Amino acid sequence: MSDSEKPKKRQLIQPRTLKGFRDYLPETMIPREQLIQTAREVYRSFGFGPIDTPTLEYLEILTGKGSEETDRQLYKFQDHGGRDVGMRFDLTVPLARFVAQHINELGTPFKRYHIAPVWRGENTQRGRYREFMQCDFDTIGTLSVAADIETGLVINALLSAIGFERFTIHLNNRQVLNGLLQKEGLEEQATPVLRSLDKLAKIGEDKVIQEMMATAGTTEAQARNVLAMAALEGTNEEILTQLQPIIAGNELGEQGVERLGKILSGMQAGGVPAERIKLDVSIARGLDYYTGAIFETFLDDLPGIGSVCSGGRYDNLAELYSKRQLPGIGASLGLDRLLAAMEELDMLAKVKTPADVLVTYFDKGALEKYLEIAASLRAVGLKVEVFPEPKKLGQQLKYADTRGFGYAVIAGEDELASNTLQVKDLATGESTAFPIESAATELAEVMKKAVQP
RNA sequence: GUGGCUGUAGCUCAGUUGGUUAGAGCACUGGAUUGUGGUUCCAGGGGUCGGGGGUUCGAAUCCCCUUAGCCACCCCA
């Protein structure tokens, strides 16, 4: 073969994903889907209904309230018709547009959940990607404290259903903060002051004071007064009592404290253990648009990972798109953060298959028998895979073991001749013989017992 | 977007002052007289050293650019 006849090495395209974008393998996708399913069920159990909106919106919809930061992170381009479009960077702005457009058919109060990916072209870091899932729930069109309370109840139900017992829902009311700022004459600088305050847990008291003086132009006394309130300690009731004199004389603040008390007792009446709720006057969330209750949720065993479920109340969701004032309250489950936490706390089963049972393909001539067996197992609700090749039994068992199957069904000449199946528990290695007719129901029984002993 | 660190097989890494055909463990595929895995033994496949350019007789090793990851800042609607 001369050089010219040698097959040239094909120029391959390097397989890779964009910065901040990820592939999900079955072993990460399985717990991910489980988590989403749990969230869905909890949202539905409170009467929230599903919605979806387009990935792409007119650019003006997304940049409506835009800061420079927003613009910088927004994925935007011109579509084939020359329209300026952008990819949604959260689910709240699309909700605002959606509500402005449909509120007359929807009526109020309107409760929806929305689980969908969003895109932000920000710099990546651990746990921060450019494409990620948001799991929002919101109640639109009511100012009632009942909706505030329910938000707390949903957060509690969510984390409980996912399997957490030790977590703390931090609760605050922006009205209290705003009341104090009014009292201190800092209304104008509310945003930078609260942004600094939000960093209290992270950078400490002295630095927060320095930052407030530098970026918000407060006096040291003003900064200290704001911090004094944020530093209150004690039981929730004690904090409420201490707040009253601090805020006294400011109507907004007084209302805010009263409302906090109602949310607190309401959440407990709704079944949230008192020790899971913590009044935390320091949390502000960096968001300008929160006007009332604010929630942040921390895992007691992994507080460093940050809030895994956050949200709050806003006065006027759709102000940019509608003349109708639509107040609302909602929160968002931090799916990726939560999954990272669960992995770190070893709460995720390491499984590469969603199936429970592998039917081994043992006897070359008995494929149709195996297909029948698999069908009968599926009929009682089991997830079943038939191995596609009549390979050596040891290899098939190894396959089942490494993927995380719970059981293997083995049926060779001997079993088929006696009309039985051998069901092997892969965790213990024990085999049981079942009559072929009743094997499906008996195995289903066994598995049910294994799940709830 | 700014600054710092890093990038060798699917994964975790080794690779001496730049010097022949780049290694290990795990994982993967197959085998150990043809019906039982998660512990053994043997064999095998897999890398143009993230990509491109430069210096050099010679580059995984030095220089530049680029790309990706991590960390900090920023921000977190």
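Everything numeric here is computed off the predicted structure, so don't read it as measured data.
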Over how many whole Å does the gap from [X] atom [atom1] to [N] atom [atom2] extend?
X        : N     : atom1 : atom2 : answer
A:Leu25  : B:C11 : CG    : P     : 11 Å
A:Arg130 : B:U67 : CZ    : C1'   : 12 Å
A:Lys19  : B:G51 : NZ    : P     : 19 Å
A:Arg403 : B:A27 : CZ    : P     : 14 Å
A:Arg120 : B:G1  : CZ    : P     : 17 Å
A:Gln396 : B:G30 : CD    : P     : 11 Å
A:Arg88  : B:C76 : CZ    : P     : 21 Å
A:Glu122 : B:G69 : CD    : P     : 12 Å

Practice task
Look at atom NZ of A:Lys207 and say whether more than 12 heavy atoms of other residues, nucleotides or ligands are closer to it than 6.0 Å.
Solution key: no
Problem - A:Glu343, CD: over 12 other non-hydrogen atoms inside 6.0 angstrom - result: no
For [N] and [M], measure between their [atom1] atoms and round to the nearest Å.
N     : M     : atom1 : answer
B:G58 : B:U40 : C1'   : 45 Å
B:U20 : B:G15 : C1'   : 15 Å
B:G37 : B:U16 : P     : 43 Å
B:C70 : B:C28 : P     : 27 Å
B:A22 : B:G45 : P     : 14 Å
B:G23 : B:G46 : P     : 14 Å
B:A14 : B:U61 : C1'   : 14 Å
B:A59 : B:G52 : C1'   : 15 Å

Practice task
Quick one: which residue pairs count as a side chain to side chain donor-acceptor pair (under 3.5 Å) with a foot in residues 387-399 of chain A, not counting sequence neighbours?
Solution key: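 Side chain to side chain donor-acceptor pair (under 3.5 Å) check on residues 387-399 of chain A returns A:Glu385-A:Tyr399.
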Practice task
Just call it for A:Gly20: base, sugar-phosphate, or nothing, with non-hydrogen atoms closer than 4.0 Å on any strand.
Solution key: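 Counting heavy atoms under 4.0 Å across all strands, the contact made by A:Gly20 is with sugar-phosphate only.
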Exercise for the section: For A:Lys391, answer base if it contacts any base atom (sugar-phosphate contacts may also be present), sugar-phosphate if it contacts only those atoms, and nothing otherwise; contact means non-hydrogen atoms under 4.0 Å. Expected result: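 The answer is sugar-phosphate, as A:Lys391 gets under 4.0 Å only of primed atoms, P, OP1 or OP2.
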Mind checking salt bridge (charged side-chain N to carboxylate O under 4.0 Å, His left out) for [X] and listing every partner two or more places apart, or none if nothing turns up?
X        : result
A:Arg276 : none
A:Arg324 : none
A:Lys278 : none

Indicate every side-chain donor-acceptor pair of residues 407-417 of chain A with a distance under 3.5 Å to a residue at least two apart or in another chain.
{"from": "A:Glu415", "atom 1": "OE1", "to": "A:Gly412", "atom 2": "N", "distance (Å)": "3.0"}
{"from": "A:Glu415", "atom 1": "OE2", "to": "A:Gln422", "atom 2": "NE2", "distance (Å)": "3.1"}

Problem - Residues which pass side-chain contact (heavy atoms from CB on, under 4.5 Å) with A:Ala341, listed by chain and number, not counting sequence neighbours - result: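 With sequence neighbours excluded, A:Ala341 shows a side-chain contact (heavy atoms from CB on, under 4.5 Å) to A:Leu299, A:Leu302, A:Ile305, given in chain and number order.
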Exercise for the section: Could you tell me which residues satisfy side-chain contact (heavy atoms from CB on, under 4.5 Å) with A:Asp356, sequence neighbours excluded, listed by chain and number? Expected result: A:Leu382, A:Lys383, A:Met447
Taking a pair as Watson-Crick or G-U wobble with both distances under 3.5 Å, which nucleotide is matched to [N]?
N     : answer
B:G37 : none
B:U21 : none
B:A43 : B:U29
B:U2  : B:A72
B:C62 : B:G54

Practice task
Indicate whether the side chain of A:Asp138 and that of A:Tyr314 have a donor and an acceptor atom separated by less than 3.5 Å.
Solution key: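 Yes - a donor-acceptor pair under 3.5 Å links their side chains.
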Problem - N/O (side chain, A:Lys199) to phosphate O (OP1/OP2, B:C76) under 4.0 Å - result: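 False: A:Lys199 side-chain N/O out of range (4.0 Å or more) of B:C76 OP1/OP2.
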Polar pairs (N or O, both sides) under 3.5 Å between protein and nucleotides 70-73 of chain B?
{"from": "B:C71", "atom 1": "OP1", "to": "A:Arg126", "atom 2": "NE", "distance (Å)": "2.8"}
{"from": "B:C71", "atom 1": "OP2", "to": "A:Arg126", "atom 2": "N", "distance (Å)": "2.6"}
{"from": "B:A72", "atom 1": "OP2", "to": "A:Gln125", "atom 2": "OE1", "distance (Å)": "3.1"}

Handout entry: From CG (A:Asp90) to CG (A:Asp136), nearest 0.5 Å
Key = 7.5 Å
Practice task
Mark up nucleotides 33-40 of chain B, 5' to 3', with B wherever a protein heavy atom is under 4.0 angstrom from a base atom, S wherever such an atom reaches only the sugar-phosphate, and - elsewhere.
Solution key: --BBBB--
Exercise for the section: Hey, which sits more toward the 5' end of RNA chain B by its nearest nucleotide, A:Phe21 or A:Phe89? Expected result: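 So the residue in question is A:Phe21.
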